[in-house]
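Let me begin by presenting the structure, written as C-alpha cells, before commenting on it.
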Amino acid sequence: MSSGKTMIGFRRWLKASNPWVWPIYLFLLVFVIFPLVRLFVDSFSTADVQLSALNEVVLTTDLLEERVRAGEMEGASAVAHDITLQLNRSIDVIDRMMEALGRATFSQDELIAKWRNAQDRVAQEAAVMAELQHDPEAALAEAKEARALIQEIKRLPRQAFSVKFFVDVFRDRLYMKALSNSLLLGFATVITTSIIGFTVAYLLVRYDFPGRKAFSFLTTVPIVMPPLVGVLGFIFILGRGGTVNELFYQLAEGLERSWPFMSNWLYDHLPFNFVYGWHGLLLVETCHLFPLITLNVLDSLSKIDASLEEAAESVGSIGLKRLFDVTIPLTIPGFVTGALLVFIGAFADFAAPMVVGLTNFIAPLAYMDIQQFTDRHLFKMGITVGAVMVVLSIVFLLIAKKYVSMKDYSTLSYRAVERKPLKGKWAALALVFLILLLLVSFIPYIGVGLASFARSWSMSPLPTSWTMVHYEKVLLYAPGYIINTFQFCILAIIMCILIGVPVSWIMARTQMRTRGALDVLTMLVLALPGTALGIAYIRAFNNPILFSVPLANIWIILPIVLAVRRLPYTVRSSYSSLLVVHRSMEEAAQSVGAGGMKTFKDITFPLIWKGVLAGALFSFMTSIQESAATLLLSIPGWETMTMGIFTFYTGGTHGDAAALGFILIVVGVITLFAMNRLSSAAKGGLFG
Amino acid sequence: MDIRLTGVTKRFKNVEALSRVDLHIRDGELFTLLGPSGCGKTTTLRLIAGFYVPNEGKIMFGDREVQEIPTSKRNIGMVFQNYALWPHMTVYRNVAYGLQFKKAPKSEWPAMVNEALAKVGLVGYEARYPGQLSGGQQQRVALARALALNPDVLLLDEPLSNLDAKIRGSVRAEIRKLQQSLGITTVYVTHDQEEALTLSDRIGIMCDGKLVQIGTPHDLYEKPSTRFVADFIGTNNLVPGTVEAVGEDITVVTELGTIRGFSHSAVKPGEKCTVAFRPENVEVHTAQPSLQDNHIHGKIGFASYMGNTLRYEMEHPAGVLLKADIKNPLRHEELGWGSDVYFSFPKSAALVIPD
C-alpha cells in the first residue's frame, strides 16, 4: 500500500516536473544563455594580459634542471641567463597587469598591492639569478624557488569588473560613427521595406488580379540572397562597368549621328552610379529584406475579421481613412516583427557595405577586430562591440516586445475580408508595380547567374564567352563547401525540430512557469545579430570544457550555432500550428482510449507536421545563407559555401564565387517553394 | 455504472476551482451539472473524464477508484463542446479510431461503426470529412464516436451550445431518447437551465466551485434551498426580509410590507431570509383585491409581450422590481406605463428561504 502511494507520488512528481524538457533547457542554457553571459563578463572586465613570460620561466626552469642533470654546464649557464631575462620580462608583464587592474571600475588597490608584492619578489629573484649565472647548480636551486613563486602568482585574480572598454566604444569616434551609420541604415531600410512590403501584402490579400498566386510566391523569393555575391550580382548588372551602363554606352555610340546632343550628354554623364554609396546600399537592402515585412503583414492582414472593417464603414470611415485608422493598426503585431527582422538584418549586414564601397559600419568593424590576432586591445574592443550589439538588440526587442510576443494571439476563427477583383488600369498598375519590383529584386540573381557561366565578362553588356569551368571547380574539385553546408544545415534543422517543437509545445500546451522565459529567449535569439552570436561563441567555447579540444575547434559548433540562430522560425511555425489544433482534439483521442504517444502520433503529428516542416525549411533556407556567425566560427577543413564565396571572392576568382552563390540561390528558391506549398496546406501558415 | 465523488478538491495554482465536492451519480441516469460560467461544472466533468487529477478526494466508477487512472483507461465516451472531430480523418475513421484500443478484431470494425452511426442516423456519411458536414451532423458524429466503444460513462460538455436554436431542441430530444434506450450513465454539462430541466433525471447546481443543490428538475424548481438556486432556476421575484413569526404560516417583514408564506426548512423568528414567488403565480389587479394573502401596490414600469404570456414589471417605490406573468394575453386588456396596480399572490406561492 505504502509503496503504491510512493509510486503515485513519484508519478505525480514526474508528471508535474516534466523531465523530458530538461535536456532542452540544458541546451538553451549552454548554447544561448552561457555565451551571452560570457560575452558580457568579457566586455565588462579589465584588459586581458597574457602571462606568457611567466609561463616561459616555468618551462625554462624544467630545461635548466635537465641540463644540470645531464652535466652540460655550459648550456645550463645559457639557460640560466634566459631565465633571468624571462624574469625581467615578467616584471614588465606584471606592470601591465597592474595598469590594467588600475582601470577597474571599483578600486582594486588590494589586488594591485598583491601583484606589486609579487613583482617585488620576482625582481629579487631576477637579481639573485643574475648573480648566479655562472654557478648552474645554485642557479637551479634559485630557479626552482622562482618557479614556485610564479606558480603562486599565477593563482592571483587577473581581471576585475570594469566598464572601461564599454565606455571606450562609446568614446571612440570611429566606433560611434560606425554605430550611427549602421543604425541609420537599419532605420532607412525599415522605412523603405515597410512601404514596399505593406503595399505588396495589401495587394496580395485584398485584391484579385492575374497572376496573384504566382506573385505571392515570387515576392518572397528575394529573401534568398547569398552574402557578398548577392550584392556582387547588383554590381555585375548595375555597376560602373555593368550591363546597364554598357548598354547606355552602346546607345550613346548609336546616337552619335542621329541625336548628337543626347549622345554627348550621355558621354558626359556615363557611367551612371546606381549602386556605389548610400543609395545603392539602401537599394540592395530593400530589395533583399522587403519580403520579411510582406510575410509578416500578410499574416496579420489576412486574419483581420471582416466585421472590424465593416464596423468602421458603418460609422462612416472609408477609403484611406479606414485604412490608416483601422486596417493598418490591426496589422501592427505582424508588422513590428517584420520590421525588427529587417532592422537587424540591415544593421548587422557586413558584406553589402563593403561591396558598394562604404566602410565603417559596426558589424564589419567588429568582424575585423575579432579576426585579427595581433592587437589584444582591438580584439577586446571587438568583443565589446559584440556586447553592444546584443544590448541594442535587447533594447529594440523591449521596444517591440508588446507586439512580438508569440503569446496572446489574435483570434483563430475569423471571417476573412473578401478579395476585390482589380480591373482595367488598376490591375495594370498593380502588375507594373509588382513586375518592376521583381525585376529589380532579381537583378542579383541575373548577375550571379551570368557571372557563374561567364569565361570573360568585361566592357560588354553580357559575357562574351561561356563556360562550365566554375561549376566543375565547385562541384568536382572542391565539393567540400557544398557538402559541409548541406551536412551542417540538415543537422541544424534536425536540432531546430528536436528543440523547437518541444519548446513550442511547452508554450502552447502547458502551464509551465518557464513559458514566458522561453518566449523571451526565442525572441531574443531572433533579434540577435549573427556577428554578436558568433563573437559570443568564440569567447564562450574557446576553452576546453569536458572534452580535451575546445568546442570552438570542433565542427559540431557550426550546426549548433546555425540551429540556435534559426530556432525561432521553427518555434514560431510549430507554435502557430499547435494553436490551430485545438486541445480537445487530443483529449478526444484520450477519451476513446489513446495514450499520450499514440495521441501525438495519430492526431497531433498529422495535424502539425506541415507547419513544423514549413518552419524548418525556412530555417534551412536561411541557414545555408548564414555568413556572420559561420565566418567567425569557421574551422579550417570545415568551411561552408558562404565561407567559400568569401574565399573565392577575396582570392579574385569571382566566377567560382558566383557559381557557389548561384547554387545557393537555386537551393534556396527550391526550399522556399516547398515551404510555400507546405505552409499554404498547413492552416497555421508560416508565421501564425 | 454509478459515479461517486467524495471530497473532491481541485486547485489551479492558488485558485480553488472546486472545493470538497461530494456527488453520487446513479447508474443509468442522466445527470446534469448546471451553473453559470466559472462555477466549476466543466472542471467537475474533466475530473470525471480524467483530464485533471484532483488535489484531494476520491472518484469512483462503480467500485473502481479512478482518480489516478488516465483518461484513456477509464472507458468513457466524451462529446466536446467544439466536437473535436479530427479534421484529417473521415467520419468512418473518426468513429473507428477508438476501436483499436478495445482490442476489437479489425473485421468487426465496419459493423461496429455502422451500428454507432445508425444510432445517430448518419449511415452513409462514412467517407466524408468533418469539414464537409453541417454543425448538427458533426455533433452527431461526435456522439457516435463516443458511443462506438460502449463506454461505461457518457460525458457531454455543452454539446448543444454551438448549434442553431432551431435544431437544438430536436437534437436534445434525440440525445435523451438515445440515452434512455442505452441506459448509459451520462453526465451533461450546460449553463442553459431550460436544457437542464427538460433533459435531466437529476440536476446538480453549482456555484463558485461548490455543489449548491442536487435534485430532480421538479425539486429544484419547486423547492430551491438557497436564494441562488431560486434565482438561477426559472424566473423568480426575490424579496429580502426578516422572519417575524412562525405559526400556521410564516410572516416575513420586507421592504414591501409583510408577506405571508411557507417554508420547506425550519425557520425561526428574527432570522434573515428571502421570500421567493414566481411571476406565473402573481395576479395583477387594478383595484385592491380582498381575497388574496399578499398584495403589493405599485406602478407598471414595463410590459413585454412574449406570445403566450405577457410580463409586467412593477417598480415598487422601495426600489424593488417585481414581475408578473399574464397567461393568456388575448383575454387581457394591456395596462399602460404608470398604471396603478396590485400584484397579489397566495401564501402557498411565497417560499421563504433562510439566508
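Taking B:K73, B:R145, B:Q81 one by one and counting their heavy-atom pairs under 4.5 Å with chain A, the maximum is reached by B:R145. When the candidates B:K13, B:Q100, B:H88, B:R46 are compared by the number of heavy-atom contacts under 4.5 Å with chain A, B:H88 comes out ahead. Between chain B and the options A:R583, A:E587, A:E586, A:Q590, the largest number of non-hydrogen pairs under 4.5 Å is found for A:E587.
Sequence neighbours left out, not one pair with a member in residues 109-138 of chain B passes ring pair (Phe, Tyr, Trp, His ring centres under 6.0 Å). Sorted by first and then second residue, the side chain to side chain donor-acceptor pair (under 3.5 Å) pairs with a member in residues 112-124 of chain B form an empty list; sequence neighbours excluded.
Only the side chain of B:L149 comes within contact range of chain A, judged by heavy atoms closer than 4.5 Å. Residue contact with chain A, scored on non-hydrogen atoms closer than 4.5 Å, involves the backbone of B:L85 exclusively.
Residues of residues 101-108 of chain B lying within less than 4.5 angstrom of chain A, judged on heavy atoms, are B:F101, B:K102 in numerical order. Annotation: residues 151-161 of chain B contacts chain A through no residue [non-hydrogen atoms, separation under 4.5 Å].
Ring pair A:F605/A:F600 is tilted by interplanar angle, where 30° to 60° counts as tilted.
Side-chain atoms of B:N150 and B:I184, non-hydrogen and from C-beta on, never get closer than 4.5 Å to each other. Side-chain contact between B:Y83 and B:V141 is absent, with no heavy-atom pair separated by less than 4.5 Å. Within the 4.5 Å cutoff, the side chain of B:Y92 has heavy atoms near those of the B:P110 side chain. The side-chain heavy atoms of A:M507 and A:W505, taken from C-beta on, include no pair separated by under 4.5 Å.
The side-chain contact (heavy atoms from CB on, under 4.5 Å) test with B:F61 is passed by exactly one of B:I76, B:D2, B:I25: B:I76.
Taking the centre of each ring, A:F217 and A:F673 come in below the 6.0 Å mark.
With respect to the salt-bridge test (charged N to carboxylate O, under 4.0 angstrom), the residues B:K58 and B:D22 do not qualify. Of the charged side-chain nitrogens involved, at least one lies within less than 4.0 Å of a carboxylate oxygen, so that B:E56 and B:R11 count as a salt-bridged pair.
Within 6.0 Å of CG on B:D208 lie no more than 12 heavy atoms contributed by other residues, nucleotides or ligands.
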